[in-house]
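Below: the structure, in structure tokens.
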Amino acid sequence: MSRFYIRWHMNPLTVPPPDPKERAELLMRMLEGVRKDVASGNFKDWGICSDISAGCSDTSEGYCMSELDEEQLHTVLMQYVPSISFIIRPAFSVDQLIDSINRAPAAAKRA
């Protein structure tokens with residue numbers, strides 16, 4: 001099973017509307033899309049970070065987890081481009097990691 005850790009951030013080159021109400025409406029439309037992707041199973045988890053400890057509330061980045069395959073994930077994420085940029089990494093569960101470690105000695109012997 002595929003599993004991906006996705007770190008996302010708002011694209012700083014995308015200029016948001018200057019009007020606060022318009023910005024909020026744009027963000028809410030995006031969040032409704034995120035909500036649909038979570039409900040459909042496209043994302044297993046989604047969150048946003050806020051660096052309040054540094055004296056600011058920059059909520060321009062976050063993470064999500066997905067179990068789609070690469071092609072399906074690409075299709076889903078394209079709806080958020082260019083407003084959002086992504087760093088995508090394959091991720092393993094603890095059980096998958098243990099299995100991999102257990103297989104490593106046999107693989108090394110074959111090499």
Side-chain angles (χ1 to χ4, degrees):
M1 167 180 44
S2 302
R3 179 180 279 189
F4 294 96
Y5 166 76
I6 304 153
R7 186 168 171 198
W8 61 264
H9 66 273
M10 303 293 257
N11 184 343
L13 301 177
T14 303
V15 179
D19 178 49
K21 183 178 178 184
E22 288 179 36
R23 278 196 310 271
E25 289 171 355
L26 184 65
L27 184 57
M28 291 304 290
R29 279 196 307 271
M30 184 193 75
L31 291 173
E32 285 303 318
V34 168
R35 205 181 238 173
K36 288 177 184 174
D37 280 322
V38 171
S40 71
N42 289 336
F43 300 150
K44 294 299 179 186
D45 191 17
W46 185 93
I48 193 164
C49 302
S50 180
D51 194 2
I52 295 172
S53 63
C56 66
S57 60
D58 182 7
T59 56
S60 62
E61 66 178 50
Y63 75 95
C64 67
M65 296 296 293
S66 178
E67 294 179 353
L68 297 176
D69 67 31
E70 292 91 342
E71 187 175 340
Q72 293 169 320
L73 182 58
H74 181 267
T75 301
V76 169
L77 294 181
M78 287 304 296
Q79 69 184 316
Y80 300 100
V81 173
S83 300
I84 307 291
S85 297
F86 302 96
I87 298 171
I88 304 166
R89 294 191 171 145
F92 301 102
S93 70
V94 67
D95 291 333
Q96 289 172 313
L97 183 57
I98 289 169
D99 289 344
S100 179
I101 291 169
N102 288 333
R103 287 191 307 269
K109 285 181 183 178
R110 288 192 300 265

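Because only heavy atoms are used, hydrogens play no part in the values below, and waters and symmetry mates are left out as well, while side chains stay in. Bear in mind the structure is a predicted one, so any value in this text is a computation, not a measurement.
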Heavy-atom pair with the smallest gap, counting every atom of Leu13 and Asn11: N-OD1, 2.8 Å

Where is the tightest heavy-atom contact between Asp69 and Phe4, given as atom of each residue plus distance? C-CE1, 4.4 Å

Phe86 with Trp46, same ILVMFWY side-chain cluster at under 4.5 Å: yes

Is the shortest side-chain N to carboxylate O distance from Glu32 to Arg35 below 4.0 Å? yes

Using modelled atom types only, decide if a donor and an acceptor are shared between the side chain of Asp37 and the backbone of Phe43 within a distance under 3.5 Å. no

Connected to Val94, directly or through other members, by ILVMFWY side-chain contacts below 4.5 Å are Ile98

Roughly how far, to the nearest 0.5 Å, is OG of Ser93 from CD of Glu67? 9.5 Å

Kindly indicate, with the supporting measurements, whether the criterion side-chain contact (heavy atoms from CB on, under 4.5 Å) is fulfilled by Leu31 and Leu27. CA-CA 6 Å; Leu31 291 173; Leu27 184 57; 4.1 Å; yes

Ile84 and Met10 have their tightest heavy-atom pair at CD1-SD, 3.0 Å

Treating Ile, Leu, Val, Met, Phe, Trp and Tyr as nodes and any side-chain heavy-atom pair under 4.5 angstrom as an edge, say whether Trp8 and Ile88 lie in one connected cluster. yes

When you group the ILVMFWY residues by side-chain heavy-atom contacts below 4.5 Å and let the links chain together, are Ile48 and Leu26 in the same group? no

Take atom CZ in Arg23; do more than 12 heavy atoms of anything else shown fall under 6.0 Å from it? yes

Can you check side-chain contact (heavy atoms from CB on, under 4.5 Å) on Leu73 and Ile6, steps first, answer last? CA-CA 10 Å; Leu73 182 58; Ile6 304 153; 3.8 Å; yes

How far does CZ of Arg29 sit from CD of Glu25, to the nearest 0.5 angstrom? 7.0 Å

Heavy atoms of Met65 and Ala91 approach each other most closely as CE-CB, 4.3 Å

Tell me whether Leu68 is reachable from Tyr5 by hopping between hydrophobic residues (I, L, V, M, F, W, Y) whose side-chain heavy atoms are closer than 4.5 Å. no

Do the side chain of Ser60 and the main chain of His9 share a donor and acceptor less than 3.5 angstrom apart? no

Answer yes if the side chains of Asn42 and Ser40 hold a donor-acceptor pair under 3.5 Å, and no otherwise. yes

Would you say the side-chain atoms of Arg3 pair up with the backbone N or O of Phe92, donor to acceptor, closer than 3.5 Å? no

What's the verdict on side-chain contact (heavy atoms from CB on, under 4.5 Å) for Tyr80 and Val34, showing C-alpha distance, side-chain angles and the deciding distance? CA-CA 9 Å; Tyr80 300 100; Val34 168; 3.8 Å; yes

